[in-house]
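Keep in mind it's a predicted model, so treat the numbers as computed, not measured. Each chain gets a letter, A, B and so on, in the order the sequences are listed, and its residues count up from 1.
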There are 2 protein chains.
Amino acid sequence: MPHLDRSLIAEAPAFSGLDGAALDDILAHAQSFRIPKGEVAFRQGEPAEKFFLLLHGRLRVTRLNPQGQQMVVRFVNPDDMFGVAMAIQCDIYPGTATAAVDSLALSWPNSLWAGMIARYPALAVNAMRALGARLQDSQQRILDLSTQKVEQRIAGAVLQLAHQAGRPSEEGVKIDFPLSRQDLAEMTASTLHTVSRTLSAWEAFGLVECGRQRLTVRNEEGLQAIAKGVESE
Amino acid sequence: MPHLDRSLIAEAPAFSGLDGAALDDILAHAQSFRIPKGEVAFRQGEPAEKFFLLLHGRLRVTRLNPQGQQMVVRFVNPDDMFGVAMAIQCDIYPGTATAAVDSLALSWPNSLWAGMIARYPALAVNAMRALGARLQDSQQRILDLSTQKVEQRIAGAVLQLAHQAGRPSEEGVKIDFPLSRQDLAEMTASTLHTVSRTLSAWEAFGLVECGRQRLTVRNEEGLQAIAKGVESE
DNA sequence: AACCAAGTTTGCGCGCCGACAAACAGACGC
DNA sequence: GCGTCTGTTTGTCGGCGCGCAAACTTGGTT
């Protein structure tokens, strides 16, 4: 009897198509651990020794260039795998994963990956799908960076966040983890100043409601119009 | 005895780790076809029915946004797989693949993919590695777009092209397929005007030598210095 | 050889948005 | 309550590089 219940991971897309015995087997080798807010699961450049599944919370994955400038690569949501550097033949982590809120994750040593795929081929298929989705996402982001204006990109980022981490509240969809202007700037290749100005303008129009590290989307259609490039004049 | 010789694909990373019988089996289901310069292998939005391996030539993969603006996603080199939409659970091609020069490719119907991975697990590992490399690449490009100036990005793109499609010539590394200013602009989120100006300036400094759709790198270190952000004043 | 189309060069002006600066506002600890 | 720290707002300025326009060059075609 495993000390972790299989229901923890049964819902994760990464493990879909696996039966109960497989889940138990996989869980038997997993280790669970907490990541307090602000702490990191791994740092860019460290040797990649483990891969992870987020059970609860939210992580921000960032990447630094040699000049020290930083960007937000993605946010990790519950049931997402992360730190899968070895799946792509990388021996060091290409980014840093920081907890945006207190989080809980499972980890497995990298050495188990090959055996797990061999034993459960569905894992490879799921992992490939996840990678593919992230690739699509990255390419879309490149296209957006190339062709859209800052305001459109910020709108797109906010909509995406509302979609993947939004929680319906009294009036509008609230993003339920601390999100600073700086974070949005690093997601959209902008600056916190521009993001701040933009959000203020949107707030004046009733499109969003924002506070310190908090953001609520009040008018999703309006933001979508901005993201699509509809001029408001 | 297959009508295609296994040596055609034996060198491709996608098929590394497979034995001769497996290669023959895979080749038996492949179809070869020519793509004349300027023609497309598939178009963005078409239902994805095949996946491909480039034998010879060079393809340019582009992507359009809803507003009709275009970017260059990547160049496909010989021995690269392309159009692997189904590997990532996509039922339409997310981009358009156009031949930059007369090219030759193999294709397989998508329906064979699942069976091929099941029979030859090394295929899944190779595919995942390739996807991972492309993901790394995309994320690096996002970081570059976010943090670098246009001139640095152009230098980076030229260096990358010289590396993956360069052929040493009399003086310098020559990119051996037709590459327009517009292409470079769509790779670097810039405009052909800016690219033209930049290349002209570089040529004056002896860093490159350029003609109509042709480009030779004469001073790789110089370009690397620009790419890294060293100011020349 | 003459023509044509596609690709390239170059000039000019303006606008977006980044850089800098300084004040402001919550959150937290004591 | 007070002080501090982090995150946010707002103003001003300037420059990079895009948009537009027009001339030029070169390779291919008939």
Side-chain angles (χ1 to χ4, degrees), chain A residues 36-38 60 67-72 98 100-101 144-155 157-158 175 177-204 208-216 226 229 231-233, chain B residues 36-38 60 67-72 98 100-102 144-155 157 175 177-204 208-216 226 229 231-233:
Chain A
K37 173 175 174 176
R60 186 179 55 239
Q67 289 88 43
Q69 288 156 302
Q70 184 174 273
M71 64 165 296
V72 173
T98 311
V101 296
D144 292 346
L145 281 178
S146 306
T147 62
Q148 297 189 325
K149 303 209 185 250
V150 168
E151 189 180 21
Q152 294 178 271
R153 301 202 302 266
I154 299 175
V158 169
I175 292 169
F177 64 92
L179 179 79
S180 71
R181 308 286 182 271
Q182 179 71 34
D183 290 333
L184 272 173
E186 289 178 12
M187 295 179 71
T188 56
S190 174
T191 63
L192 90 164
H193 309 276
T194 300
V195 171
S196 177
R197 275 180 244 271
T198 304
L199 289 184
S200 297
W202 288 351
E203 191 161 29
V208 299
E209 191 168 329
C210 47
R212 187 193 187 74
Q213 310 212 88
R214 307 183 63 260
L215 192 59
T216 304
I226 291 177
E231 300 297 328
S232 55
E233 23 155 355
Chain B
K37 174 177 173 173
R60 185 181 54 241
Q67 288 87 44
Q69 288 157 301
Q70 186 176 271
M71 63 166 295
V72 173
T98 311
V101 296
D102 288 342
D144 291 346
L145 281 178
S146 306
T147 62
Q148 296 188 325
K149 303 210 183 251
V150 168
E151 188 181 21
Q152 295 179 271
R153 301 202 301 265
I154 298 175
I175 292 168
F177 65 92
L179 179 78
S180 71
R181 308 284 182 271
Q182 179 71 37
D183 289 333
L184 272 173
E186 288 178 11
M187 294 179 71
T188 56
S190 173
T191 64
L192 87 164
H193 309 277
T194 300
V195 171
S196 178
R197 276 181 245 272
T198 305
L199 289 184
S200 296
W202 289 351
E203 192 162 29
V208 299
E209 190 168 330
C210 50
R212 189 192 185 74
Q213 309 212 91
R214 309 183 62 258
L215 192 59
T216 304
I226 292 177
E231 301 296 328
S232 55
E233 18 157 353

Between A:L184 (CG) and D:dT8 (P), how many Å, whole number?
9 Å
For C:dG18, does either OP1 or OP2 sit under 4.0 Å from a side-chain N or O belonging to A:T191?
yes
In whole Å, what is the span from the CZ atom of B:R181 to the C1' atom of D:dT26?
12 Å
Rounded to whole Å, please give me the gap between CG in B:L215 and C1' in C:dT9.
16 Å
With sugar-phosphate meaning primed atoms plus P, OP1 and OP2, does B:A201 contact a base, only sugar-phosphate, or nothing at under 4.0 Å between heavy atoms?
nothing
Backbone N or O of A:S196 within a donor-acceptor pair of the A:S200 side chain at under 3.5 Å?
yes
So, OP1 or OP2 of C:dG18: does either fall under 4.0 Å of a side-chain N or O from A:S190?
yes
Might you work through the side-chain contact (heavy atoms from CB on, under 4.5 Å) test for B:T188 and B:T194, ending with a clear yes or no?
CA-CA 11 Å; B:T188 56; B:T194 300; over 6 Å; no
Do A:R197 and D:dT9 have a side chain to base donor-acceptor pair shorter than 3.5 Å?
no
Does A:T194 place a side-chain N or O at less than 4.0 Å from the phosphate oxygens OP1/OP2 of C:dG18?
yes
Would you say C:dG26 has OP1 or OP2 under 4.0 Å from some side-chain N or O of A:R212?
no
Without decimals, in angstroms, what is the distance between A:L179 CG and D:dT8 P?
9 Å
Roughly how many Å is it from CZ in A:R153 to P in C:dC17, rounded to a whole number?
7 Å
Verify the contact: side-chain N or O of B:S196 to OP1 or OP2 of C:dT8, cut-off strictly under 4.0 Å; return yes or no.
no
Give me the one residue out of A:V158, A:I154, A:V195, A:V72 that meets side chain to side chain contact (heavy atoms under 4.5 Å, CB included) with A:M187.
A:V72
Has B:S200 got a side-chain N or O lying under 4.0 Å from the OP1 or OP2 atom of C:dT10?
yes
Closest nucleotide among D:dT8, C:dA19, D:dG17 to the A:L192 side chain:
D:dT8
Checking side-chain hydrogen bond (donor to acceptor under 3.5 Å, both in side chains) between A:E186 and each of A:R181, A:R60, A:Q69, A:Q70, which is the one that passes?
A:Q70
Can you tell me how far P of D:dC18 sits from CD1 of B:I154, to the nearest Å?
8 Å
Describe the nucleic acid contact of B:L199 in one word from base, sugar-phosphate, nothing, applying a heavy-atom distance below 4.0 Å.
nothing
Is it the case that the base of D:dT8 and the side chain of A:H193 share a donor-acceptor contact (distance under 3.5 Å, atom types as modelled)?
no
B:K149 NZ to C:dC17 P, in whole Å, measures 15 Å
Expressed as a whole number of angstroms, how long is the span from B:E151:CD to D:dC18:C1'?
16 Å
Can you identify which nucleotide, out of D:dC18, C:dT8, D:dG7, has its nearest atom closest to the B:V150 side chain?
D:dC18
Steps toward side-chain contact (heavy atoms from CB on, under 4.5 Å) verdict (B:T198, B:L184):
CA-CA 11 Å; B:T198 305; B:L184 272 173; over 6 Å; no
